[in-house]
2 protein chains.
Amino acid sequence: MGSIGEGRTPKATSAKAASAKAASAVRGGNPTRKQEKEAAIASASCGVFGREGYARASIDALAAEADISTRTLYNYFPGGKAQLFQAVVTWTSAEVRDAQIARISSLLDPARPPRPEDLERDLVALAHALVRLMTDYPDHFALVRHIHAEADHVPPEVLQAWKEAGPGPVIRAFAKAMTGLADAGLIDVHGDAAMASTHFMALASHAIVQSTHYGVVPLPEAETDHVIKGGVAAFLRAYQRR
Amino acid sequence: MGSIGEGRTPKATSAKAASAKAASAVRGGNPTRKQEKEAAIASASCGVFGREGYARASIDALAAEADISTRTLYNYFPGGKAQLFQAVVTWTSAEVRDAQIARISSLLDPARPPRPEDLERDLVALAHALVRLMTDYPDHFALVRHIHAEADHVPPEVLQAWKEAGPGPVIRAFAKAMTGLADAGLIDVHGDAAMASTHFMALASHAIVQSTHYGVVPLPEAETDHVIKGGVAAFLRAYQRR
DNA sequence: TCAAAAGTGCAACGACCGTTGTACTTCAGG
DNA sequence: CCTGAAGTACAACGGTCGTTGCACTTTTGA
C-alpha cells in the first residue's frame with residue numbers, strides 16, 4: 001500500500017510501452033524533438049519533486065513548472081506521475097554524475113598525477129568543487145534525499161537504475177583516481193582504493209552535509225573552508241605516503 | 001504551500017494550548033497517566049511516520065497502530081497530525097539519543113580511559129554498537145531520513161527542537177569523550193575535539209550508511225566488520241598519538 | 001453502586017488529487 | 001490555403017484524506 005507505482009489509477013494504466021520510441025533514435029545521432037521535450041519536462045519537474053517529494057508533488061504543479069498543460073504531460077508520459085518520476089531521476093542523476101566525474105578526473109587525473117607538494121592544495125580544491133555541486137544542483141540533492149527517505153516506496157528497478165546511473169560510476173571514477181595517486185606514490189591506499197575514496201568523500205562531505213542540511217543552509221564560506229581543510233588534513237594523515 | 005502545519009484544516013484548528021497540562025506535572029515526580037498514553041501513542045506512531053513519511057501517513061493508520069480510535073487520537077493531540085508528528089519526533093529522538101550517549105560514555109568514559117593497546121579494539125566495539133543502533137531503531141532512523149528530506153516542510157521550531165534533543169547532545173558527549181582520550185594521551189585531537197568526533201562518526205558510519213541504505217539493507221556481518229575495521233584504522237592513522 | 005471520565009463507531013463535510021475524454025485552438029510544413 | 005499533428009481548456013469521475021460532531025459504550029475511582 002502506497003508504493004510509487006500505485007497511486008490513484010482509475011483504469012489501471014498500463015505502464016508498458018514506455019521506452020519504445022526512445023530506443024529507436026537513441027542509437028542514431030542527436031536526440032529526437034520528442035526526447036528533447038521529455039528532457040525539458042524532466043528538468044523542470046526536478047525542482048518540484050525535489051522541493052515537495054513524490055507524494056506532495058501534484059501533477060498540476062509539475063505541469064505548470066514545465067509550462068505545459070497536464071494533458072500534454074500525460075501525452076508525453078502515459079505512465080503518469082510514476083513514469084515522470086523515473087525519467088526525472090535518471091535525467092538529473094546523469095547530469096550531476098557527469099559534473100562530479102568531471103571534477104574528479106580533472107583534479108585527480110591519473111595520467112598526470114599532481115606533485116606531492118601540491119597534493120593537499122589539489123584535494124582541498126576537489127573537495128570544494130564537490131561541495132559546491134551541492135549548492136549548484138540543489139534540486140537534484142533534494143530529490144536524492146527524498147529517494148533515500150522513500151526507498152521503501154520507490155520501485156526497486158528505479159532504485160537500481162538510479163544507483164547504476166548516479167553514485168555507482170562516481171565511486172568507480174573516484175577509486176580509479178585514488179589508484180592513480182597510489183601508483184604515483186603520493187598516497188598509500190592500504191590495500192583498498194575503494195575504501196580510501198569512500199573515506200575521502202566521508203571526511204570531505206559528511207561534516208558539511210551535517211551542518212548545512214545537505215547544502216540547504218548556506219554555511220558561511222569561512223566555515224566551509226575550515227571544515228574542508230580539516231577533513232583533507234585528516235585524510236592525508238591517514239593516507240599520505242610518508 | 002504544503003508545510004507540515006497546514007494540511008487539510010476545515011475549521012482552522014487552533015494549535016495553541018498544547019503543553020498546558022504537560023507543564024503542570026512534568027515537574028513533579030513520575031509522569032501522568034495521560035503522559036504515559038501520549039508516549040505510547042507517539043511510540044506506536046513512529047513506525048508509521050518512519051515507513052510512510054508525513055504526507056503518506058494517514059490518521060487511520062496511525063490510530064490503528066496505536067490501537068485507539070481516530071477520535072481518541074484527536075482527544076490526545078488536538079493539534080492533529082502536525083502535533084502528533086512533533087511529539088513523535090521529540091519522543092523517539094530522546095530515546096535514541098540516550099542509547100547513543102550510553103554507548104559512547106560506557107566505551108569512551110573519560111574518567112577511565114582505555115589502555116593504548118586496547119584503543120583500537122574499543123573503538124571498533126563502539127562503532128559496531130553505534131551501527132547496531134541503526135538496526136535496533138529502524139523506525140527512528142527512517143523518520144530522521146524523512147526529516148532530512150522534508151526539512152523545508154518541517155516547521156523550524158520542530159527542526160530546532162529535534163536538533164537540540166537529538167544529535168546535539170550526542171555530538172557534545174562524543175566531543176567530551178574525545179577530549180578525555182586526548183587528555184589521557186591516547187589520541188592527538190589536532191586542536192579540534194569536535195571535528196575529531198565528527199570524523200570518527202563519518203569514517204565509522206558513512207560507508208555503512210551508504211551501502212546499507214541507512215540500515216535498511218541487512219549488510220552481511222562480515223562486510224560490516226570489514227568496513228568498520230577499515231574506518232577505525234583510518235581514524236587511528238589520522239588521530240592516534242604516536 | 002454509581003456518576004464521571006475516557007474511549008469508540010459512524011457518518012458527514014470539505015478539500016485535494018490523479019487521470020481521462022472531448023471539443024477547441026495553434027501552428028508548422030506541403 | 002489546407003491538413004494533420006501538437007497543445008490546451010474544461011469538466012468530470014472515483015478516490016483518499018483530515019477533521020469534527022454526536023450518540024453510545026466502557027472503564028475508572030470513590
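Letters A, B, ... are given to chains in the order of the sequence lines, protein chains preceding strands, and every chain is numbered from 1. In what follows, every heavy atom counts, from backbone to side chain, and hydrogens, waters and symmetry copies are set aside.
Atom NE2 of A:His226 has 12 or fewer neighbouring heavy atoms from other residues, nucleotides or ligands inside a 6.0 Å radius. The number of heavy atoms from other shown groups lying within 6.0 Å of CE (B:Met201) does not exceed 12.
A parallel orientation is assigned to the rings of B:Phe49 and B:Tyr54, their planes being inclined by less than 30° (bins at 30° and 60°).
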Name the pairs: protein N/O against N/O of nucleotides 6-10 of chain D, kept only if under 3.5 Å.
| residue | atom | partner | partner atom | Å |
| --- | --- | --- | --- | --- |
| D:dG7 | OP1 | A:Tyr76 | OH | 2.9 |
| D:dG7 | OP2 | A:Tyr76 | OH | 3.4 |
| D:dT8 | OP2 | A:Ser69 | N | 3.1 |
| D:dT8 | OP2 | A:Thr72 | OG1 | 2.7 |

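Look at CD on A:Glu52: it is 10 Å from P on C:dC17, rounded to the nearest Å. In this structure, NZ of A:Lys81 is placed 8 Å from C1' of C:dC17, rounded to the nearest angstrom. When rounded to the nearest whole Å, the span between OH of A:Tyr74 and P of C:dT22 equals 17 Å. Between B:Ile4 atom CD1 and D:dG18 atom C1' there is a gap of 15 Å when expressed in whole angstrom units. Between B:Ile59 atom CD1 and C:dG9 atom P the separation is 16 Å, expressed in whole Å. The CD atom of B:Gln83 sits 16 Å away from the C1' atom of D:dT20 (whole-angstrom rounding). Between A:Phe77 atom CZ and C:dT20 atom C1' there is a gap of 18 Å when expressed in whole angstrom units.
Within the 4.0 angstrom heavy-atom criterion, only backbone atoms of the sugar-phosphate kind lie near B:Ala57; the bases stay farther away.
Note that CD of B:Gln100 is 9.5 Å distant from OG of B:Ser93, once rounded to the nearest 0.5 Å. We find the CG-CD distance between A:Asp60 and A:Glu65 to be 13.0 Å, quoted to the nearest 0.5 Å.
Sorted by first and then second residue, the salt bridge (Lys or Arg N to Asp or Glu O under 4.0 Å) pairs involving residues 128-146 of chain A (not counting sequence neighbours) form an empty list.
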